[in-house]
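Accompanying notes for the structure given below.
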There are 2 protein chains.
Amino acid sequence: MAERIQNCFLFSEFTLEELRQFRENAEVKQFAKNQIIWQYGTPAKQIGVVLEGCVRIETQDYWGNRSILAKISAFEVFGEAFYCAHISARPVQVCSDTDTKILFFGIPEVPEGNCRTQFLEKLLQVTAGKNVMLADKMRHITKRTIREKLLSYLSAQAGLRKDSRFTIPFNRQELADFLAVDRSALSKELGKLQAEGVLQFKKNHFTLLKSSEAD
Amino acid sequence: MAERIQNCFLFSEFTLEELRQFRENAEVKQFAKNQIIWQYGTPAKQIGVVLEGCVRIETQDYWGNRSILAKISAFEVFGEAFYCAHISARPVQVCSDTDTKILFFGIPEVPEGNCRTQFLEKLLQVTAGKNVMLADKMRHITKRTIREKLLSYLSAQAGLRKDSRFTIPFNRQELADFLAVDRSALSKELGKLQAEGVLQFKKNHFTLLKSSEAD
DNA sequence: CTCCTTTCGTTGCAAAAACAACAGACTTTC
DNA sequence: GAAAGTCTGTTGTTTTTGCAACGAAAGGAG
């Protein structure tokens with residue numbers, strides 16, 4: 001049992017006996033690079049944990065255009081939302097990005113009792129955390145203009161830090177990707193906002209100023 | 001106990017004894033219209049369930065502009081994501097939209113044993129469901145143009161129904177709001193797509209056609 | 001210090017979107 | 001069945017954005 005699944009947050013507090021029992025019930029499979037692990041549209045009957053390697057979460061549209069939603073690396077979980085929501089057909093496909101070893105299981109495979117309760121609470125924490133992040137991002141992205149998206153995001157950051165001066169964890173390109181806009185257009189808008197005296201910035205350090213009529 | 005909290009999905013399978021015990025531990029409070037229920041920035045130490053009336057989830061930016069994220073009505077849950085993710089400061093405020101009666105509780109208040117496990121699984125299901133919907137919406141919204149957003153959304157619908165002919169649950173304005181774009185611009189783009197032979201539609205019934213180079 | 005790479009701001013231009021306004025089709029209501 | 005209201009497509013105009021390209025600034029490596 002060289003994979004040390006205790007490295008995964010979900011199992012970090014299992015006892016040795018619980019780990020042993022869980023590993024007996026769960027399934028481990030190996031995949032070569034670029035194999036399909038879960039086909040698009042299949043029912044979500046298991047949760048996956050990457051033990052070695054890296055997998056891609058992908059979508060494919062009606063006309064065959066593929067796009068990568070995320071990459072999941074060692075000791076990270078995937079498919080848990082589809083599993084827990086009991087959906088009948090996964091809206092994505094999962095593909096090995098390198099040679100991989102994957103652990104598959106369902107909640108019934110988790111040892112009963114205190115262990116399972118703890119596991120569920122952790123899974124809930126992970127899922128809820130993703131939820132908060134998604135909802136937060138959604139709040140900014142749904143604004144119509146780059147200016148509004150920026151002010152919404154920066155405002156939230158200031159609120160979070162409880163300080164009108166703060167540093168963001170993104171460089172320009174990353175911020176543009178996060179807000180789903182063009183980098184140069186973002187830079188342009190930042191320049192305008194600074195010229196208008198709404199805010200000041202220097203690299204990724206920002207200061208929000210006085211009042212404005214923005215949303 | 002006139003509120004019949006069994007109407008709430010989370011508690012629908014509690015036994016009478018479990019319900020009684022739970023209600024002893026949980027807290028019920030009444031609010032007049034437009035009172036602040038949870039202040040922005042406060043720690044998320046409880047989950048809320050609306051028993052009577054309706055509440056608003058709101059944000060407020062650095063310059064004081066308010067925006068409504070959601071309205072929660074009777075027997076619906078709110079704040080569960082913040083609670084389960086153990087965040088230290090809620091990024092939203094919650095306000096009574098009408099006179100309301102709210103049930104507040106934390107997980108320790110749920111009777112132990114089988115009951116709690118079932119509750120956690122249900123809560124997980126609800127949270128995961130929101131997660132799937134949010135991620136799904138995000139996939140479409142992050143596309144850069146209205147055309148791409150539309151094709152992404154419609155493509156996903158076709159995939160979901162496993163049929164290139166399908167009906168969507170939105171009218172034009174609602175679809176525009178969902179994709180975070182202007183209604184008339186959306187109509188315009190739909191017209192173009194139809195003229196180009198990419199798809200056909202009639203009200204909210206759509207048919208996707210042949211191939212295209214869109215993403 | 002110099003070369004190389006990455007990041008950032010800027011510009012011009014073409015494309016796309018927002019906005020406002022209107023007319024026809026369809027619904028609902030009385 | 002007429003009137004009022006809603007939903008949808010369309011058009012024209014203005015604003016915003018995406019895109020491509022470039023040069024300056026910053027940071028690292030040798």
Side-chain angles (χ1 to χ4, degrees), chain A residues 65 67 137-154 157 165-209 212-215, chain B residues 65 67 137-154 157 165-209 212-215:
Chain A
N65 307 294
S67 93
K137 183 168 171 174
M138 192 68 75
R139 213 169 61 234
H140 311 312
I141 286 194
T142 52
K143 306 277 176 175
R144 297 300 168 82
T145 64
I146 292 183
R147 164 174 294 236
E148 282 178 315
K149 291 180 195 191
L150 260 173
L151 292 179
S152 173
Y153 171 71
L154 295 175
Q157 288 297 308
R165 305 177 65 239
F166 55 90
T167 303
I168 65 171
F170 295 131
N171 66 26
R172 287 290 176 283
Q173 184 61 60
E174 288 166 343
L175 179 58
D177 289 343
F178 179 81
L179 296 178
V181 298
D182 178 74
R183 182 197 60 84
S184 79
L186 181 102
S187 265
K188 205 184 291 185
E189 199 60 45
L190 274 173
K192 273 197 213 169
L193 285 166
Q194 188 162 43
E196 292 171 22
V198 180
L199 53 77
Q200 287 182 349
F201 64 93
K202 197 173 174 183
K203 295 194 59 178
N204 48 351
H205 187 80
F206 290 78
T207 307
L208 304 191
L209 309 169
S212 113
E213 63 281 20
D215 186 24
Chain B
N65 309 295
S67 93
K137 184 168 171 176
M138 192 67 78
R139 211 168 62 233
H140 311 312
I141 286 192
T142 51
K143 305 276 175 176
R144 296 299 167 83
T145 65
I146 292 183
R147 164 174 295 234
E148 282 178 315
K149 291 181 195 190
L150 259 173
L151 292 180
S152 173
Y153 170 72
L154 294 175
Q157 287 297 308
R165 305 176 65 242
F166 54 91
T167 303
I168 64 171
F170 295 133
N171 65 28
R172 287 290 177 280
Q173 184 61 62
E174 287 165 343
L175 179 58
D177 289 343
F178 179 81
L179 295 178
V181 298
D182 178 73
R183 182 197 61 80
S184 80
L186 181 101
S187 265
K188 203 185 291 185
E189 198 60 45
L190 275 173
K192 272 197 214 171
L193 286 166
Q194 189 162 43
E196 291 172 22
V198 180
L199 52 78
Q200 289 182 348
F201 64 93
K202 196 174 174 182
K203 295 192 61 174
N204 47 351
H205 187 80
F206 289 78
T207 308
L208 304 190
L209 309 169
S212 116
E213 63 281 23
D215 185 23

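Proteins get letters first, then strands, A, B, ... in listed order; numbering begins at 1 in each. Atom set for the values below is all heavy atoms of this structure, side chains included, hydrogens, waters and symmetry mates excluded.
Across all non-hydrogen atoms, the minimal contact from A:F170 to A:L175 is CB-N, 3.7 Å. Here the closest non-hydrogen pair linking A:K149 and A:I141 is CE-O, 3.4 Å. Taking both residues in full, the closest heavy atoms of A:I168 and A:L154 are given as CG2-CD2, 4.4 Å, listed atom of the first, atom of the second, then distance. When all heavy atoms of A:A176 and A:L186 are compared, the closest pair comes out as N-CD2, 4.3 Å.
No option in A:L190, A:T145, A:V181 other than A:L190 meets the side-chain contact (heavy atoms from CB on, under 4.5 Å) test with A:L150. Of the residues A:K143, A:Q157, A:H140, the one that meets the side chain to side chain donor-acceptor pair (under 3.5 Å) test with A:S152 is A:H140.
Atoms CG and CZ, from B:L208 and B:R165 in turn, are 11.0 Å apart once rounded to the nearest 0.5 Å.
Computed from coordinates, the A:K143 NZ to C:dA17 C1' distance equals 18 Å when rounded to whole Å. The separation between A:F201 atom CZ and C:dC8 atom P is 10 Å, rounded to whole Å. Separating the NZ atom of B:K188 from the C1' atom of D:dC7 is a distance of 18 Å, rounded to the nearest angstrom. Taking atom CG of residue A:N204 and atom P of nucleotide C:dC8, one finds them 7 Å apart after rounding to whole Å.
For the helix from C:dC1-D:dG30 to C:dC30-D:dG1, the terminal axes (five pairs an end, C1' atoms, rotation from four pairs onto the next four) enclose an angle of 50°, given to 10 degrees.
Near DNA chain C, defined here as any heavy-atom distance below 4.0 Å, there are no residues from residues 170-180 of chain B.
A heavy-atom distance below 4.5 Å is found between the side chains of B:V198 and B:L151.
A side-chain hydrogen bond (donor to acceptor under 3.5 Å, both in side chains) check over residues 197-207 of chain A, counting only residues at least two apart or in different chains, returns the pairs A:T167-A:H205. For residues 181-201 of chain A, every residue pair satisfying the ring-ring contact (aromatic ring centres under 6.0 Å, His included) rule, not counting sequence neighbours, is listed here: A:F201-A:F206. Listed by first then second residue, pairs satisfying side-chain hydrogen bond (donor to acceptor under 3.5 Å, both in side chains) with a partner in residues 170-180 of chain A read A:Q173-A:D177, not counting sequence neighbours.
Not a single side chain to side chain donor-acceptor pair (under 3.5 Å) links B:T142 to another residue, sequence neighbours left out. In this structure B:E196 satisfies the salt bridge (Lys or Arg N to Asp or Glu O under 4.0 Å) test together with B:R147, sequence neighbours excluded.
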**OP:** Produce a footprint string for nucleotides 20-26 of chain D: one letter per nucleotide, 5' end first; B if the base is under 4.0 Å from any protein heavy atom, S if only the sugar-phosphate is, - if neither.
**Re:** BB-----
Using the 3.5 Å cut-off, write out each protein N or O paired with an N or O of nucleotides 14-16 of chain C and the distance between them.
none

